[in-house]
Amino acid sequence: MPQRSALVTTDQPRSPRSLPVFAIGIVGAGQFAGAFAKLFNAHPGISRVTVTDLLPDRAATLVGELGLAGVADDFDAMLDSDVDAVAIFTQRWTHGPLVVQALRAGKHVYSAVPMAFTVEEIAAIIDAVRETGLTYMMGETSFYHPATVLARQKAAEGAFGRLFYAEGDYVHDMDHGFYAAYQYSGGADWKRTASYPPLKYPTHAIGGVLGAWNTHAVSVSAIGVPDQRGDGVFDKSVSMFANDFSNATAFFETADGGSMRTNEFRRVGLAGGVPESRFTFYGSEGILEQNSQSTLWHERSGPLHDLSDLVRPGWASGADDPVLASVDPKLHDSFISGHAPVHDTSGLPVEFKGLGNGHMGSHQLLVHDFVTAVNDRRLPSVNAWVAARYTLPGIVAHESALRGGERLRIDDFGDAPGPA
């Protein structure tokens with residue numbers, strides 16, 4: 001047996017757990033990790049939660065706040081320990097190599113978005129999942145965005161007729177909490193990383209469309225808008241990505257002969273407190289139309305239906321949670337939104353009752369999806385092949401924007417394999 005690295009543990013009693021259960025390690029104790037660590041720790045399918053971070057004090061603080069099992073010295077020590085899975089919440093361009101390393105070390109993987117930074121990294125993840133047989137899930141919140149859930153239901157009913165066009169927007173202005181978030185994660189050189197190309201963070205827009213529409217993108221033409229703020233963030237001479245696009249729009253051809261348009265905006269006059277993502281679907285028989293304030297259903301023959309209440313997230317606890325202490329108040333709404341009536345929460349563990357949620361009611365559903373996928377040995381909703389279809393189109397779209405909108409082909413890694 002391989003030598004196991006020692007963990008610094010705390011003697012925290014835990015309530016009895018129903019089998020099967022597994023241990024998970026949190027990799028990266030930044031602003032996003034705390035809310036998920038709390039949910040993993042509460043889930044009856046998890047036996048214990050440990051943490052590692054490049055800044056040991058952050059890992060120790062998170063363990064202390066939530067009463068977690070302990071701290072691993074570093075990522076290698078975590079992989080050499082007896083955890084069964086890891087949840088990766090590191091900087092967005094680091095995910096691909098870390099995921100592959102974890103899978104090759106025999107760990108199931110939950111990863112924050114995006115899946116990877118390059119086409120080659122995506123291919124390496126899919127190869128590792130296929131060869132190891134382990135569970136990989138990308139935690140894309142838009143899969144459980146209420147409008148996407150509703151559209152998925154409408155599509156399953158055939159209410160759209162033929163879906164032929166959709167729109168997905170992720171419009172998150174830098175002034176709405178992103179400056180503080182990048183300063184927290186990037187340290188003194190935060191401006192180098194804050195210039196992350198918008199189209200390389202595409203899953204909150206693309207995932208919300210493809211989470212309801214059973215297709216994938218096959219080509220793209222995109223336009224990037226160079227930044228004019230002049231604050232050194234989207235400055236090629238500063239950016240570690242040589243990127244000056246703060247806004248970008250991509251127009252995709254889909255495999256079934258349709259099209260979709262996505263917007264990724266970081267300089268946009270969106271009012272505070274308005275959700276950043278919204279989705280619209282056009283079909284031959286029906287239209288689901290969402291804007292900042294309402295969600296409407298159209299039919300070829302019949303009245304216009306206002307379904308806004310069905311997709312509006314309810315109240316959630318957590319506004320005073322210590323795990324949000326370092327999070328800019330402008331981002332708090334992303335971490336405390338509850339479920340919407342359209343969500344099916346019947347399968348969630350009772351231990352989640354009263355705990356925080358977030359991102360339009362998706363957090364609890366994402367955690368439960370991953371834990372049950374591992375324990376039940378099934379593919380999660382956003383498995384490696386689905387995650388590739390949410391991520392790869394944005395990578396190619398950024399290249400199109402760099403080429404002045406040249407239409408480029410998007411390769412596809414295929415469908416997830418069926419049961420053996």
Please list, chain by chain and in numerical order, all residues satisfying side chain to side chain donor-acceptor pair (under 3.5 Å) with [X], sequence neighbours excluded.
{"X": "E285", "result": "R300"}
{"X": "R278", "result": "S292"}
{"X": "S185", "result": "none"}
{"X": "Q183", "result": "none"}

Which residues satisfy the salt bridge (charged side-chain N to carboxylate O under 4.0 Å, His left out) test with [X], sequence neighbours excluded?
{"X": "E140", "answer": "none"}
{"X": "R92", "answer": "none"}
{"X": "D256", "answer": "none"}

All ring-ring contact (aromatic ring centres under 6.0 Å, His included) counterparts of W385, not counting sequence neighbours: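 Checked W385 against ring-ring contact (aromatic ring centres under 6.0 Å, His included); zero matches.
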Under the ring-ring contact (aromatic ring centres under 6.0 Å, His included) test, residues paired with H204 that sit two or more places apart: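 With neighbours one apart ignored, the set is Y170, Y201.
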Any donor-acceptor pair under 3.5 Å linking the side chain of N247 with the backbone of R267? yes
Where the side chain of K107 meets the backbone of V83, is there a donor-acceptor pair that is under 3.5 Å apart? yes
Quick check, are the ring centers of F143 and Y390 under 6.0 angstrom apart?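 Judged by ring-centre distance (under 6.0 Å), F143 and Y390 do not meet the cut-off.
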H172/F178 aromatic ring centres below 6.0 Å: yes
Establish, for the pair R407 and F251, whether the NZ or CZ atom is under 6.0 angstrom from the six-membered ring centre and no further than 45 degrees off its axis.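 No, R407 does not sit over the ring of F251.
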Aromatic Y196 / basic R266 pairing, under 6.0 angstrom, 45° off normal: no
With sequence neighbours left out, what residues match V374 under side chain to side chain contact (heavy atoms under 4.5 Å, CB included)? F22, H108, T135, F370
Using the test side chain to side chain contact (heavy atoms under 4.5 Å, CB included), find all partners of S239 that sit at least two apart in sequence or belong to another chain.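 S239 satisfies side chain to side chain contact (heavy atoms under 4.5 Å, CB included) with S195, F241, N243 once adjacent residues are dropped.
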What is the minimum heavy-atom distance between [X] and [Y], and which atoms define it?
{"X": "A112", "Y": "M138", "answer": "O-CG, 4.4 Å"}
{"X": "P114", "Y": "S111", "answer": "O-OG, 4.5 Å"}
{"X": "P275", "Y": "L270", "answer": "O-CD2, 4.1 Å"}

Evaluate side chain to side chain contact (heavy atoms under 4.5 Å, CB included) for L199 paired with E399, printing each intermediate quantity in order. CA-CA 9 Å; L199 284 171; E399 182 63 27; over 6 Å; no
Would you please classify the geometry between the H145 ring and the F279 ring as parallel, tilted or perpendicular, with 30° and 60° separating the classes?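 Rings of F279 and H145: perpendicular, as their planes differ by over 60°.
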Is any NZ, NE, NH1 or NH2 atom of the basic residue among [X] and [Y] found under 4.0 Å from an Asp or Glu carboxylate oxygen of the other?
{"X": "E131", "Y": "R104", "result": "yes"}
{"X": "R378", "Y": "D369", "result": "yes"}
{"X": "D169", "Y": "R261", "result": "yes"}

Can you run down the salt bridge (charged side-chain N to carboxylate O under 4.0 Å, His left out) pairs that involve residues 304-315, sequence neighbours left out, and say none if there aren't any? D309-R312
